[in-house]
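One structure is given below, encoded as structure tokens.
Remember, it's a predicted structure, so these values are computed and weren't measured experimentally.
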Amino acid sequence: MPERTTCVVIGGGPAGMVVGLLLARAGVDVTVLEKHGDFLRDFRGDTVHPSTLRLLDELGLGERFAALPQSRLDEVAFPLPDGRQIVIADFRRLKVRHPYIAMVPQWDLLNLLAEAGADEPTFTLRMRAEVTELIRAEGRVRGVRYRTADGTTAELHADLTVACDGRWSLARDQAELPVREFPVPIDAWWFRLPREPDDEPAGLTPRAAQGRFAVVIPREGYLQIAYIARKGVDARLRAEGVEQFRRNVAELAPDFAGRVDAIASMDEVKHLDVRLNRLDRWHAAGLLCLGDAAHAMSPVGGVGINLAIQDAVAAATLLAEPLRRGAVTEADLAAVRSRRLLPTILVQRLQHFLHRNLVAPIVEGRRAGPPRPVLAVLRRIPAVSLGPAYLIGVGVRPEHAPPFARRPPTAMNGGDE
């Protein structure tokens with residue numbers, strides 16, 4: 001016999017876990033299906049922005065989050081040839097409770113959300129449950145078929161299916177929702193290097209040279225590196241082998257030359273096929289797409305996870321009451337896109353501008369850093385760094401937790417501190 005829930009969420013990433021938790025706190029029966037057996041995957045979006053930190057406070061999870069191992073980014077700075085740095089985004093200038101970006105392994109954040117969900121009687125999380133097909137009837141999506149760990153197939157019927165299954169969304173494809181792709185000149189390759197005591201503790205520092213650049217993110221006990229180069233060169237990089245890749249990194253960041261041997265093989269260098277796209281419609285009857293399933297973002301600015309979480313909060317806020325009534329209409333689903341479309345478009349236009357005017361000239365070998373006029377303005381007027389900090393850290397139209405989802409602070413043991 002097929003099972004039934006009010007809302008099924010495909011994917012246990014940040015958007016899926018947040019929308020599931022918030023709907024459960026509204027009393028909606030919600031089931032999140034995650035195909036993996038745990039959340040342990042490297043180089044996912046590990047940035048938790050000031051607006052998300054505020055959301056965790058509103059959900060009563062701020063103190064529990066603060067207890068997780070983490071590092072903090074206070075600024076984004078670009079090194080100059082004379083050894084100085086130009087601060088591009090200074091989060092310390094933000095007038096918010098948490099004026100920094102917290103760097104936390106995404107699995108820790110997802111485990112925290114899963115624990116909070118387990119406290120809600122209407123929340124169910126199923127691991128090793130891989131969605132294989134949408135169930136359709138009478139012109140609507142009516143739920144999903146999924147494969148369990150032992151290979152059997154089950155059905156879960158639902159009033160609403162929420163697709164949070166990423167940029168390669170199966171649900172989006174099966175619903176035949178057309179995707180608008182935008183040109184992207186770069187791909188990214190992620191890897192780790194050992195962290196040393198004199199490394200910059202709280203800054204996100206790009207390193208640029210003609211034809212490539214890297215972004216260095218300080219983490220607890222190691223450095224997370226994004227190596228950025230022209231799209232389509234992954235096969236060449238892997239054919240050249242790890243020795244050449246080490247030389248590339250050492251030429252780009254000479255201060256890392258003594259530790260590039262930590263890259264044991266190209267298997268430790270994870271390729272990200274960078275996409276920038278957006279659905280014209282985020283929904284079909286009975287189905288809603290959120291996060292990367294609705295709009296894949298470039299890693300430039302690190303805003304993808306923040307936008308996905310904001311989508312989830314808006315969706316839960318707008319859909320909780322219709323779901324409680326058992327009457328979610330297409331107009332209700334369209335309202336989510338209407339609320340989140342402006343922030344999505346503005347961020348994607350900003351990323352497209354940065355691709356064209358900052359990133360492409362570097363990876364095409366036409367320039368080795370930001371345009372000189374930009375550096376001159378930032379050098380003469382440091383307060384300009386507030387604007388990029390706000391766009392990255394807070395964003396356009398940040399969402400607040402709805403009243404039904406708010407809770408007082410709780411410590412890790414469930415009690416008050």
Do the side chain of D187 and the main chain of D273 share a donor and acceptor less than 3.5 angstrom apart?
no
V336 side chain reached by H283 side chain, heavy atoms, under 4.5 Å
no
Value for CG (L160) from CZ (R140), rounded to nearest 0.5 Å, stands at 8.0 Å
Pairing of D57 and R406 as salt bridge, 4.0 angstrom limit = no
Across all chains, not counting sequence neighbours, the salt bridge (charged side-chain N to carboxylate O under 4.0 Å, His left out) partners of R247 are none
Checklist entry - Just by distance, do the side chain of R172 and the backbone of A163 share a donor-acceptor pair under 3.5 Å? => result no
Is there a side-chain contact (heavy atoms from CB on, under 4.5 Å) between F123 and R25? Walk through the geometry before answering. CA-CA 8 Å; F123 179 91; R25 287 187 172 183; over 6 Å; no
Between the CZ atom in R167 and the CE atom in M297, the distance rounded to the nearest 0.5 Å is 10.0 Å
* Could you tell me whether the side chain of K231 and the main chain of V184 form a donor-acceptor pair under 3.5 Å? => no
Notebook entry, point to check: Is there a donor-acceptor contact under 3.5 Å from the side chain of E34 to the main chain of H36?
Noted result: yes
**Request:** Take atom CZ of R230 as the centre, draw a 6.0 Å sphere, and report whether it contains more than 12 heavy atoms from other residues, nucleotides or ligands.
**Result:** no
Using a 4.5 Å cut-off on heavy atoms from C-beta on, say whether the side chain of D165 contacts that of V131.
-> no
So CG of L68 and CG of L61: to nearest 0.5 Å the spacing works out to 10.0 Å
- Using a cut-off of 6.0 Å, state whether more than 12 heavy atoms not belonging to R407 lie near its atom CZ. yes
Exercise for the section: Measure from the side-chain N and O atoms of T31 to the backbone N and O of T124, and report whether any donor-acceptor pair falls under 3.5 Å. Expected result: no
Using 4.0 Å as the upper bound for N to carboxylate O, is an ion pair formed by R339 and D311?
no
By ring pair (Phe, Tyr, Trp, His ring centres under 6.0 Å), H271 pairs with (sequence neighbours left out) W189
Do the side chain of Q310 and the main chain of P398 share a donor and acceptor less than 3.5 angstrom apart? no
Notebook entry, point to check: Is there a side-chain contact between V96 and R54 (heavy atoms, below 4.5 Å)?
Noted result: no
Item to complete: List the steps, then state whether side-chain contact (heavy atoms from CB on, under 4.5 Å) holds for D159 with R4.
Response: CA-CA 9 Å; D159 295 338; R4 178 162 186 81; 2.2 Å; yes
| field | Electrostatic pair E75-R92, nearest N-O below 4.0 angstrom | value | yes
- Task: Kindly say whether R397 contributes a backbone atom to a donor-acceptor pair with the side chain of R340 at under 3.5 angstrom?
- Result: yes
**Prompt:** Tell me, do L59 and V18 make a side-chain contact under 4.5 Å, heavy atoms counted?
**Reply:** no
In short, E181 meets N277 closest at the heavy-atom pair OE2-ND2, 3.1 Å
- Does a donor on one side chain sit under 3.5 Å from an acceptor on the other, for T52 and N306? yes
Of all heavy-atom pairs linking I135 and V144, the shortest is CD1-O, 3.3 Å
Return yes if some donor-acceptor pair links the side-chain N/O of T161 with the main-chain N/O of L287 below 3.5 Å, else return no.
no
I'd like to know if the side chain of T122 and the backbone of V28 have a donor-acceptor N/O pair within less than 3.5 Å.
yes
In short, V30 meets A24 closest at the heavy-atom pair CG1-CB, 3.8 Å
E120 side chain reached by L21 side chain, heavy atoms, under 4.5 Å: yes
Is it the case that more than 12 heavy atoms not belonging to R380 sit under 6.0 Å from its CZ atom? no
Closest non-hydrogen contact found for P409 with E63 is CB-OE2, 3.5 Å
Intermediate values then yes/no, side-chain contact (heavy atoms from CB on, under 4.5 Å), F39 and L113:
CA-CA 11 Å; F39 298 122; L113 295 171; over 6 Å; no
Here the gap from R192 atom CZ to L223 atom CG, rounded to the nearest 0.5 Å, amounts to 11.0 Å
Exercise. Compare all side-chain heavy atoms of Q224 with those of W190 and state whether any distance is below 4.5 angstrom.
Key: yes
(request) Please confirm whether the backbone N or O of S169 pairs with a side-chain atom of Q174, one donor and one acceptor, at under 3.5 Å? (result) no
Strictly by modelled atom types, are N248 and Q244 linked by a side-chain donor-acceptor pair under 3.5 Å? yes
Rounded to the nearest 0.5 Å, the CD1 atom of I101 sits from the CD1 atom of I305 at a distance of 10.5 Å
Residues A102 and Q70: closest non-hydrogen pair is CB-OE1, 3.5 Å
Check whether any side-chain heavy atom of I392 lies under 4.5 Å from a side-chain heavy atom of F91, and answer yes or no. yes
inquiry  = Show, in sequence, the C-alpha distance, side-chain angles and deciding distance for L346 and L350, and conclude whether the side-chain contact (heavy atoms from CB on, under 4.5 Å) test is met.
reply    = CA-CA 6 Å; L346 290 178; L350 174 62; over 6 Å; no
Output for pair (L170 CG, E133 CD), nearest 0.5 Å, gives 9.0 Å
- Close side-chain approach of T344 to W282, heavy-atom, < 4.5 Å: yes
P361 and H355 have their tightest heavy-atom pair at CD-O, 4.2 Å
